[in-house]
Amino acid sequence: MNAGIAEVRQPIAELFRNAAPDDTVLLYYTVHGLRDSHGDLHFALPQTDVGVLEVNSLEASFVLTQMNRSRSQRQILILDCCYSAAFMVTHIAGSAEEKAKRGESADLKKTDFIEAGGQGRYVLAAASANESACERGGRTIYTHYLVEGLREGSAAPENDNTTVQDLHTHVCRMISSDEASK
């Protein structure tokens, strides 16, 4: 809470730096997401000036750099913020067409994920690259359904284990249902 840029960067860097190849690294980050004039995603901090995001906000590219440098072969990044899918659009390699497609949807993003080996990277985004994350009563709907799916087992009611895909499917289904009931 109310941490500066150094206090935010250090634990993220340590999380990924200290991970062994067989570790599963999970970074769940809920914050205000902002995009700069180039479309790059930034995570707001208390000192962030929206006019100069690159000065006192955490750049999504910093997070990606730490992920790329990590020895961990299994990484999960959950971004619960506005414009969170911009992480994939502006920071994950691909053609312009692929990037545009990623920005159109808040669907689960698989990058370098090898199903059979259980290695790779999942990035779950609460909002598309061009939309705000939904809130109700000061809490995000995405986190509400994420926690519900894990706590109650509703993300994979017929399985002993809940996969990242199960969790993502549950959250998307519940948010769609929630929006349809309005």
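Every value quoted in this text rests on a predicted model; they were computed, and no experiment measured them.
For the atom pair OG (Ser128) and OH (Tyr83), the distance works out to 9.5 Å, reported to the nearest 0.5 Å. The CG atom of Leu79 sits 9.5 Å away from the OG1 atom of Thr30 when rounded to the nearest 0.5 Å. With values rounded to the nearest 0.5 angstrom, Arg69 atom CZ is found 10.5 Å from Leu64 atom CG. Rounding to the nearest 0.5 Å gives a distance of 11.0 Å between NE2 of His168 and CG of Leu146. Here CZ of Arg35 is found 7.5 Å from CG of Leu41. Values are rounded to the nearest 0.5 Å. Rounding to the nearest 0.5 angstrom, the gap separating the CG atom in Leu26 from the CG atom in Leu124 is 9.5 Å.
A donor-acceptor pair is defined here as one N or O able to donate and one able to accept, closer than 3.5 Å; no such pair exists between the side chain of Thr48 and the backbone of Val50. Checking side-chain atoms of Ser177 against main-chain N and O of Arg173 turns up no donor-acceptor pair under 3.5 Å. Side chain of Ser57 to backbone of Leu53: a donor-acceptor contact under 3.5 angstrom is found. At least one donor-acceptor pair under 3.5 Å links the side chain of Gln75 to the backbone N or O of Met67. With hydrogens and angles disregarded, a donor-acceptor distance shorter than 3.5 Å links the side chain of Arg71 to the backbone of Ala19. Panel note: side chain Ser72, backbone Thr24; no donor-acceptor pair is recorded below 3.5 Å. Looking only at distances, no side-chain donor or acceptor of Thr162 sits under 3.5 Å from a matching main-chain atom of Ala155. Proximity of a side-chain donor or acceptor of Glu152 to a complementary backbone N or O of Gly149 within less than 3.5 Å is not detected.
Remark: the Arg121 side chain and the Asn68 side chain contain an N/O donor-acceptor pair separated by less than 3.5 Å. Donor-acceptor pairing under 3.5 Å is lacking for the side chains of Thr169 and Asp166.
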Going through the checks in order, is the side chain to side chain contact (heavy atoms under 4.5 Å, CB included) test met by Ile78 and Tyr29? CA-CA 6 Å; Ile78 302 173; Tyr29 203 66; over 6 Å; no
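Under the 4.5 Å side-chain criterion, counting only non-hydrogen atoms from C-beta, Cys81 is in contact with Phe43. Contact check for Leu45 versus Asn56: no side-chain heavy atoms found under the 4.5 Å cut-off. In this structure the side chain of Tyr122 never reaches within 4.5 angstrom of the side chain of Arg74, judged on heavy atoms. By the 4.5 Å heavy-atom criterion applied to side chains, Ser154 and Glu148 are counted as neighbours. Residues Thr143 and Arg139 form no side-chain contact, since every pair of their non-hydrogen atoms from C-beta on lies 4.5 Å or further apart.
Here salt bridge (charged side-chain N to carboxylate O under 4.0 Å, His left out) pairs that include residues 9-31, with residues two or more places apart or in two chains, are Arg9-Glu59.
Scanning both residues, Ala126 and Ser84, for their nearest heavy atoms gives N-OG, 2.9 Å. What you find for Cys82 and Ala133 is that their closest heavy atoms are SG-N, 3.3 Å. The shortest heavy-atom contact between Ala86 and Gly39 is CB-O, 4.4 Å. Pro11 and Val8 make their closest contact through CD-O, 3.3 Å (heavy atoms, listed as atom of the first residue, atom of the second, distance).
Both Val123 and Phe62 sit in one connected hydrophobic cluster of ILVMFWY residues. Membership requires side-chain heavy atoms under 4.5 Å apart, directly or through other members. When hydrophobic clusters are built by joining Ile, Leu, Val, Met, Phe, Trp and Tyr residues whose side-chain heavy atoms come closer than 4.5 Å, directly or via intermediates, Tyr142 is not grouped with Val147.
In this view, Asp36 and His42 satisfy the side chain to side chain donor-acceptor pair (under 3.5 Å) rule, not counting sequence neighbours. Annotation: side-chain contact (heavy atoms from CB on, under 4.5 Å) contacts of Leu27 (sequence neighbours excluded): Ile12, Leu15, Phe16, Val63, Leu77.
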